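Order of appearance sets the numbers: ligands from 1, and atoms from 1 within every ligand. It should be emphasised that the depicted structure is a prediction, and the values quoted were computed from it without experimental measurement.
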Amino acid sequence: MSLKGKTAIITGSNSGIGLGVAWEMARAGADVVLNSFSDRDEDHALAKDIADETGTNTRYIKADMSKADECRALVEKAGACDILMNNAGIQHVAGIDEFPMEKWDAIIAINLSSAFHTTAAALPMMRTAGWGRVINIASAHGLTASPYKSAYVAAKHGVVGMTKVVALETAEEPITANAICPGYVMTPLVEEQIPDTMKKYDMDRDTAIREVLLDRQPSKEFATTEQMGGVAVFLCSDAATQITGTTISVDGGWTAL
Ligand code: NAD
């Protein structure tokens, strides 16, 4: 599968799943636009490493996905967008009656509204190019719920719903829109949850991972960022042309329970 000549924008890609997907997209030949809200030398160095290793024109563009105008400006600054992966996301865990209002607003803005703004800006470019792929990183929490994750579950269900709408609005065009729904993938977002889980359940690290974090993941293994990249590259292939408006679970059996 060659993505040579395609530009892939991946929001929230200086770490975790976004970075793993960026590597796989660039290995397949795409020029990748990495993104986050910071503008550090390390961010640009990540893009340079990928560009040097894969021979692609991979760049880093700073944009804060909590801000509508910056979401849209990211796409404009990239100058082209054949593949849009909406991946930026944050988490906060608290009971709904204690959930901080500013955390709710931030999660809805970054995990859901950013995908609306980037998609709105990217679709005209895809239409002009005559080809496009919208790939949203939702979650098993886009299909099922867990307690204490009200904003995250609401945002991810919203992403799945919006993915279906984008697919229907582009159904007769050479553009597809799908959502990947990962279970647990070992990334900084998950790493951050381990100390609290150990403390809350008075468990050592391995027990907290197996019995709490991976409790609902029957494979008892984390998915990898490379596997997420492989699924994303597949969604860009000719074989996936008629896959649109759906979810692809990569969750070790979670949603089969
Ligand atoms: P991560 O913390 O490694 O990555 C999150 C990325 O989003 C980072 O690059 C971060 O800089 C970026 N980001 C955060 N706020 C931003 C903002 N305001 N503007 C721009 N970028 C911002 O976490 P991850 O696990 O790689 O998560 C990536 C996506 O995958 C998220 O949407 C998450 O909900 C989803 N997801 C993760 C898992 C998992 O187990 N790791 C499971 C299901 C879904």
Quick one: look up the protein heavy atom nearest [atom] and list residue, atom name and how far away it is.
| atom | value |
| --- | --- |
| atom 8 (C) of ligand 1 | Asn14 OD1, 3.6 Å |
| atom 25 (O) of ligand 1 | Thr187 OG1, 2.4 Å |
| atom 17 (C) of ligand 1 | Phe37 CD2, 3.4 Å |
| atom 28 (C) of ligand 1 | Asn87 OD1, 3.3 Å |
| atom 11 (O) of ligand 1 | Ser36 OG, 2.7 Å |
| atom 27 (O) of ligand 1 | Leu189 CD1, 4.0 Å |
| atom 42 (C) of ligand 1 | Gly183 O, 2.8 Å |
| atom 5 (C) of ligand 1 | Gly89 O, 3.6 Å |

**Prompt:** Of the listed options (Thr225, Val250, Val185), which comes nearest to atom 41 (N) of ligand 1 when hydrogens are ignored and any heavy atom counts?
**Reply:** Val185
Using heavy atoms and a threshold below 4.0 Å, how should the contact between [X] and ligand 1 be classified: side chain, backbone, both, or neither?
| X | answer |
| --- | --- |
| Lys156 | side chain |
| Ser114 | neither |
| Ala63 | backbone |
| Tyr152 | side chain |

Within a distance under 4.0 Å of any heavy atom of [X], pick out the atoms of ligand 1 and give their elements.
| X | result |
| --- | --- |
| Ser66 | 18 (N) |
| Ile110 | 18 (N) |
| Ser15 | 1 (P), 3 (O), 4 (O), 9 (O) |
| Pro188 | 3 (O) |
| Gly16 | 3 (O), 26 (O) |
| Ile137 | 29 (C), 30 (O), 35 (C) |
| Tyr184 | 40 (O) |
| Val190 | 39 (C), 40 (O), 41 (N) |

**Prompt:** Would you say the side-chain atoms of Ser66 pair up with the backbone N or O of Ala106, donor to acceptor, closer than 3.5 Å?
**Reply:** no
Taking both backbone and side-chain atoms of [X], is any N or O found less than 3.5 Å from an N or O belonging to ligand 1?
| X | result |
| --- | --- |
| Met65 | yes |
| Pro182 | no |
| Ile17 | yes |
| Asn111 | no |
| Asp64 | yes |
| Gly12 | yes |
| Ser139 | no |

**Prompt:** Considering only heavy atoms from C-beta outward, does the side chain of Thr225 approach that of Thr187 to under 4.5 Å?
**Reply:** yes
Taking the non-hydrogen atoms of [X], is any one of them nearer than 4.0 angstrom to ligand 1?
| X | answer |
| --- | --- |
| Cys181 | no |
| Ala109 | no |
| His141 | no |
| Ala138 | yes |

**Item:** Sole residue of Leu74, Asn35, Ile61 in side chain to side chain contact (heavy atoms under 4.5 Å, CB included) with Ile9
**Value:**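 Option passing the side chain to side chain contact (heavy atoms under 4.5 Å, CB included) with Ile9: Leu74.
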**Message:** Please determine whether residues Val250 and Val159 belong to a single hydrophobic cluster, defined as Ile, Leu, Val, Met, Phe, Trp and Tyr linked transitively by side-chain heavy-atom distances below 4.5 Å.
**Reply:** no
**Prompt:** Under a single-linkage definition using a 4.5 Å side-chain heavy-atom cutoff for Ile, Leu, Val, Met, Phe, Trp and Tyr, are Val153 and Met162 assigned to the same hydrophobic cluster?
**Reply:** no
**Request:** Give the intermediate values and the outcome of salt bridge (Lys or Arg N to Asp or Glu O under 4.0 Å) for residues Arg133 and Glu173.
**Result:** CA-CA 11 Å; Arg133 294 286 183 266; Glu173 301 175 75; over 6 Å; no
**Message:** By the definition side chain to side chain donor-acceptor pair (under 3.5 Å), identify the one residue from Asn86, Thr118, Thr247 that meets it with Asn136.
**Reply:** Asn86
**Prompt:** With a 6.0 Å cut-off on ring centres, are His92 and Phe99 close enough?
**Reply:**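 Judged by ring-centre distance (under 6.0 Å), His92 and Phe99 do meet the cut-off.
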What I want to check is whether the side chains of [X] and [Y] have a donor and an acceptor closer together than 3.5 Å.
| X | Y | value |
| --- | --- | --- |
| Ser146 | Arg216 | yes |
| His44 | Asp39 | yes |
| Thr241 | Asp238 | no |

**Message:** Around atom CZ of Arg127, are there more than 12 heavy atoms from other residues, nucleotides or ligands closer than 6.0 Å?
**Reply:** yes
**Heavy-atom neighbours of Lys48 NZ exceed 12 at 6.0 Å** =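 Counting other residues, nucleotides and ligands, NZ of Lys48 stays at 12 neighbours or fewer.
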**Fill in**
Scanning both residues in full, the closest heavy-atom pair of Leu46 with Asn14 reads CD1-O, 3.5 Å
**Item:** Heavy-atom closest contact (Asp251 atom, Pro182 atom, distance)
**Value:** CB-C, 4.3 Å
**Asked** Is Arg210 close enough and on-axis enough to Phe222, meaning under 6.0 Å and within 45°, for cation-pi?
**Response**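 Not flagged: Arg210 not positioned over aromatic ring of Phe222.
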**Request:** I would like to know whether Asn111 and Lys156 meet side-chain contact (heavy atoms from CB on, under 4.5 Å); could you show each step before the answer?
**Result:** CA-CA 7 Å; Asn111 297 21; Lys156 294 299 186 180; 4.2 Å; yes
**Item:** Stepwise side-chain contact (heavy atoms from CB on, under 4.5 Å) check, Met85 with Ile137
**Value:** CA-CA 7 Å; Met85 172 171 275; Ile137 296 290; 3.8 Å; yes
